[in-house]
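Single-structure report; data block below.
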Amino acid sequence: LNNTSDLRLGLNKCISNESISNKCVNAYSVDEGVLNNGCFVDALNLVPHVFLLFITFPILFIGWGSQSSKVQIHHNTWLHFPGHNLRWILTFSLLFVHVCEFAEGIVSNQNMDHLHLYMPAFMGFIAATTSVVYYHNIETSNFPKLLLVLFIYWVLAFITKSIKLWKYAEYNVGPQYLRFCITALLVILYALLMAVEMNVIRVRKYVFFTNPPKVKPPEDLQDLGVRFLQPFVNLLSKATYWWMNPLIIGAHKRPIELKKIGKLPIAMRALTNYLRLKDAYEDQRTAEDPCRPPSIWRSMYRAFGRPILLSSTFRYLADLLGFAGPLCILGIVKHLKGLKYLHDEPDVYFGVHFMSSSMLLQNTSVLAVLLFLALVLQRTFLQASYYVTIETGINLRGALLAMIYNKILRLSTSNMSMGEMTLGQINNLVAIETNQLMWFLFLCPNLWAMPVQIVMGVILLYYFLGFSALVGASVIVLLAPIQYLVATKLADTQKSTLEYSTDRLKKTTEILKGIKLLKLYAWENIFCDSVEETRGKELTSLKTFALYTSISIFMNTAIPIAAVLVTFVMHHLIDKTDPSPSEAFAALALFHILVTPLFLLSTVVRFAVKALVSLNVLSALNGSSYFSVFVQVANGFFTWGSNLSTLSDINIRIPTGQLTMIVGQVGCGKSSLLLAMLGEMQTIEGSVYWSNSKRFPILRTTGNRHSVAYAAQKSWLLNATVEENITFGSPFSKQRYKAVIDACSLQPDIDLLPFGDQTEIGERGINLSGGQRQRICVARALYQNTNIVFLDDPFSALDIHLSDHLMQEGILKFLEDDKRTVVLVTHKLQYLIHADWIIAMKDGSVLREGTLKDIQTHDIELYDHWKTLMNKQDQDLEKDIQQDSQTTLERKTLRRAFYSREAKSQIDDEDEGKRFLVKCDSICETINSPSSPQVCWCYLSSGGYFMVFLMVFSKLLKHSVIVAIDYWLALWTSSKTSGTSPTDSISSSRTTLTSETLIFSQYPVFQSSGITLCLITSLSVEFLGLSAATSLHHNLLNKIIHAPIRFFDITPLGQILNRFSADTNIIDQHIPPTLESLTRSTLLCLSAIGVISSITPAFLVALVPLAVAFYFIQKYFRVASKDLQDLDDSTQLPLLCHFSETAEGLTTIRAFRHEARFKQRMLELTDTNNTAYLFLSAANRWLEVRTDYLGAVIVLTAAGASIWSLRYGLPSGGLVGLGLTYALTVTNYLNWVVRNLADLEVQMSAVKKVKSFLSTESENYEGSMDTSQVPENWPQDGEIKIQDLCARYDPMLKPVLKHVNAYIKPGQKVGICGRTGSGKSSLSLAFFNMVDIFEGKIVIDGIDICKLPLQTLRSRLSIILQDPVLFSGSIRFNLDPERTCSDDRLWEALEIAQLKNMVKALPGGIDAVVTEGGENFSVGQRQLFCLARAFVRKSSIFIMDEATASIDMATENILQKVVMTAFADRTVVTIAHRVHTILTADLVIVMKRGNILEYDRPETLLEQADGMFASFVKADM
């Protein structure tokens, strides 16, 4: 006992004062009055508690009985009364003080039987618990008058405790005694609770006042759609996430859907946070310095600083409580031996013992309970800190997304078209930069909490072990820079990996988009090798990444081992003594605590650097040039961002309510003129003005122009239903909608879709053909109720008949009836007769403008040129073989896709089919069944059996060695106190080794082997993952690229791309660390439980209920976590798509004036995604709180079992220390086991999806002939024999060609025609063996093509497809990717295709850059490049699938002549959609339903008046 002088003073008082001495002797004497009796005073303290229990229990039972009547979801979360959180905090403090009072009573009641020492504390604890339960029920039921009971209780408790304190003061029992301090604390707490109760009376006026105020619940709680209740529930529910229980447990019965998680509270919505950030941003602008740009950092701090400070406070409290673990271990192990004898006698007053706080803390049971409470509190504060930062991070992300979106809507088109701001950069901003800032905010509190944690840890180590501990700590500190270096290397490697994977994905996307062309030209392997080459670079980068990750994991595990080794060796050398078990294990626990902040510090610093970079990117976005809104029409010079004018000297007028047509050759600036009028181009000089507005120079305008209905040349669709794409936010009018659908001939296409006009289309929906997409865009422009309509070449992807229908019904009838001003860009000169005003353009300036009559009078040459072309186009119309030919072909493709999808889903339910989710926020692929062990095994076996064996073996060995090291340490430190060496303890060897031999020989060997194994395990897991990723991607790419063309018809492009993007990324970078973390945390927990059980077998009894609790927690969490993770992923996709969709359709959105609607949609999508993410993080907190509390219970039971076992002399002190240290690690790792298991389950679905594609059948590339057997110059003559040919697209489908027979002589020009679905295109594919030829054969120059290897066959023939496909790279690469042709041959091909002059003018000439999809060329120019590509391959057989839709008539005429001359000696097969192109052919084949109907020279066929060919030609005469 420290206070011996106080003891003497007390005893002297007892002796000097007789009456007091009597009281010292007897605790129950009433000689000096009742209030001087200790027992009576304590009994008096029971009165308030009994009163409360007596009154509240009946009310509670009645209240609970009526709980079922509460129907509405939010009634029971509405917190009505002021001071709510303060009341909960005070009540929890009260409960803690009661626990201390009870413990003090029990301990000081050593050999006496004084019930009154602990009974009031016990009853006080029950009363305090009842008070908070009672309060919660009264508050949620809103019966404030019943709170009067609590008010009376606090007053009574305050009075009785004050009497007790007054008596202690009277008898000089001062603060040196623990019981006095506890009583004083209770008086303060009761006084504060009384004050809180009085405040409720003051505010709510429920008693003593005549007019109590009416209260309304907050706006969020009135809205039943708000389901995220964390801000509204009581403090206990907030801390334990109790309100999440129904959602998480319910997920087991029914999957969590978007509807279930509802909306966000107003304060968390993107708009609220955007306005908060914007205000903070604008507040920085000062009148003195208006030009100075505000700082985003400062704006973020002002808008979101307060919650970060709150989170940091929680973090500090958690970190400080974390040190209770080592301190309690020190106390428990130190005082365990003290159980055998009593301490010094405590002081006696009132006939009972009074003890100091240090005496209480020498009791091991008290320390065990304190350790438990400290752990519970520490974990609660830690999770609260995490939650607050995550919520703030999500709020910040919402605000930043809204800010970026507003900027994007104002980006100038030149920024986009000149590549200054690409779609990729926008996606990066949305997906990466905002997330970097959010993650930085998550980790922010660590920045200032960690240094404090490190300093505290080092001070405690010094307190335990003296100077040697500082040497050990310095090892950790000195290795921290290396960890930081590794972390920065990791970040750099990740960056380069990202660049390579973006490049790989870009190449893969191009391959998939142009797969038909690649197969027909036999270029799959060239492009496949190109992807594999980039993948090789990516894998090299990933190898470096894996190496650094391994080093990082290795250092995290090895540093504490090394630090402990150095500390104990130094302790032995400096102090010449060995540490006691209590010091050794307290130090061990501290080293484990210290490693975490040092390991995380490097990560936090890395994220801080990344956040700075992200902020710079965002600031750069603020600096981009923005689109200026205008209210005028054009009169000047325009450019696309360079100083060279694209349009010069433009002086035009657009008459109101009339049809204006803009015509001219490919690339003369027609589309640019429209965009200049819309204000999308930069003005060099001149001005643009609209009617009803004053003249303004374009650069100074801010007024509103009219909304313009605009259909761009490159069709742009929303990811929405057909109906939503057409109405585009306008009110739905059935009559108008029907008229528009008919005008655009969309009804037949809509009928083919699975859900009619409610089918989702766009990038994530159904793939439509070019013509169908274009007609939907035109329908959108027609449907809008605007005065002005701009149509940019709406006929380019339509066949003649459909164009004519659209012109007559849509433009002339529908639009002119509405008296709307129409501006039409077109190549179809036959429609000029309908124009009220014509603008003819050439080389970026206006050649002529006026009516057709004006031009006929003033420019006869131009008029004659047009007339020639018009006559040619009229022939097209007259001799069109049949109506809707191209369109019906597109419909056929669409129908075929659906038919096969149905067939496919019937055959194989296992395969991941296409699911159409109508009117849904997203179309996401869901694989409902959880990832099975087979999928895990598929992943592991892809990594190689040796690597799997190495990983498992090294992991088990590492953990065994680490346990052995700690076990050895326990025996060694214990041997010091018991006098035997650990070798004696382990075996019955008689040899006694000195401490010196042990510390310098055995210990370092153990430690070194542990450190080595740490490195081997981390490397084995990372390289297993890398090996699996390499193998899976290689197999996937080869399977996909060699799949039959049918596969691409029935599998949506987005779905295939997801395998190569998201899924490959998960396999590459996410599964290995998850697998490593899962195995590590699982083995750590198992070894900890094993160690504790072996030391104190009694622990096994408690383990059973703990294991059951853990099983149910993880069972419920894993299901809910998977659902919420799916929701997070599926809600993120529409958000990213909306950003890229907006960037692609900027001109259309701005022309229509629909910015506000798109902003609103973006806010909704952001909020939906944020809701899912918030629920996911709340679910993680739910799990962690529960597993942390379980961990705390494990520590309590381990400590309890050790104390109990020691009574029977079972474990030594060292082993108890070891058990408790291991129990503490369980608290850290238990939740990681479940989290990693849930993550791995979700991540394995990526492997499952990839695996489902690996079962795809490949085309048979081999053939029965060897390549060497095929002559090198085959086919030399170009003779084709088709013998009894039957073909189909799929064994499950009907034949598309039935018993076809034909003979084509060498050098013949053959035309194939027929109605849609007659089998023309199928026959062209049959030449390349692209369809399933199941009967008959095609013989070319004496060789049956089915026997040839596919590569050989396809590389010897040439074809031009309908849709122009260009790849990013150079013009040379697009013409000759095999690099086999000379420059002369390439120039010759370009000259034939009328492109030579244009290419010569480009920088780099033939090596000029082609951007993705050939976007830097017009559609017509792209088609000409495709023709040049076919000319480069000098094949004797040339197949043309008519490909002149996007080319003006003059160019088409030249091409027709070129084909006849350049291919005079070759066999040319033309698939004709327009009859005039084959009238000069040597042979015409007319097909019908897969059969040849007519077969002869065109002249002969025309003579057969009743023949089909003749009827086609005569149809429109």
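It should be emphasised that the depicted structure is a prediction, and the values quoted were computed from it without experimental measurement.
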Those residues at least two apart in sequence (or on a different chain) that pass side-chain hydrogen bond (donor to acceptor under 3.5 Å, both in side chains) with W716 are none
Is it true that, when you exclude E1499 itself, more than 12 heavy atoms of the residues, nucleotides or ligands shown sit nearer than 6.0 Å to its CD? yes
Any idea how Y783 and Y737 line up, ring-wise: parallel (<30°), tilted (30 to 60°), or perpendicular (>60°)? perpendicular
Only pairs at least two apart or in different chains count here, so list each salt bridge (Lys or Arg N to Asp or Glu O under 4.0 Å) that has a residue in residues 836-845. none
Using the side-chain hydrogen bond (donor to acceptor under 3.5 Å, both in side chains) criterion, which residues pair with T1500? Sequence neighbours excluded. none
Non-neighbouring partners of E1388 that pass salt bridge (charged side-chain N to carboxylate O under 4.0 Å, His left out), sequence neighbours left out: K1434
Establish, from distance only, whether the side-chain atoms of Q772 and D749 form a donor-acceptor pair under 3.5 Å. yes
Residues which pass salt bridge (charged side-chain N to carboxylate O under 4.0 Å, His left out) with K738, listed by chain and number, not counting sequence neighbours: D742
The test is salt bridge (charged side-chain N to carboxylate O under 4.0 Å, His left out); show your working for K1309 and D1482 and say whether it passes. CA-CA 5 Å; K1309 308 290 174 280; D1482 302 328; 5.3 Å; no
The criterion is salt bridge (charged side-chain N to carboxylate O under 4.0 Å, His left out); which residues satisfy it with E809, sequence neighbours excluded? K813
Which heavy atom of I1439 sits nearest to which heavy atom of S1324, and what is that distance? CG2-CB, 4.1 Å
For F728 together with F1152, are the ring centres under 6.0 Å from each other? yes
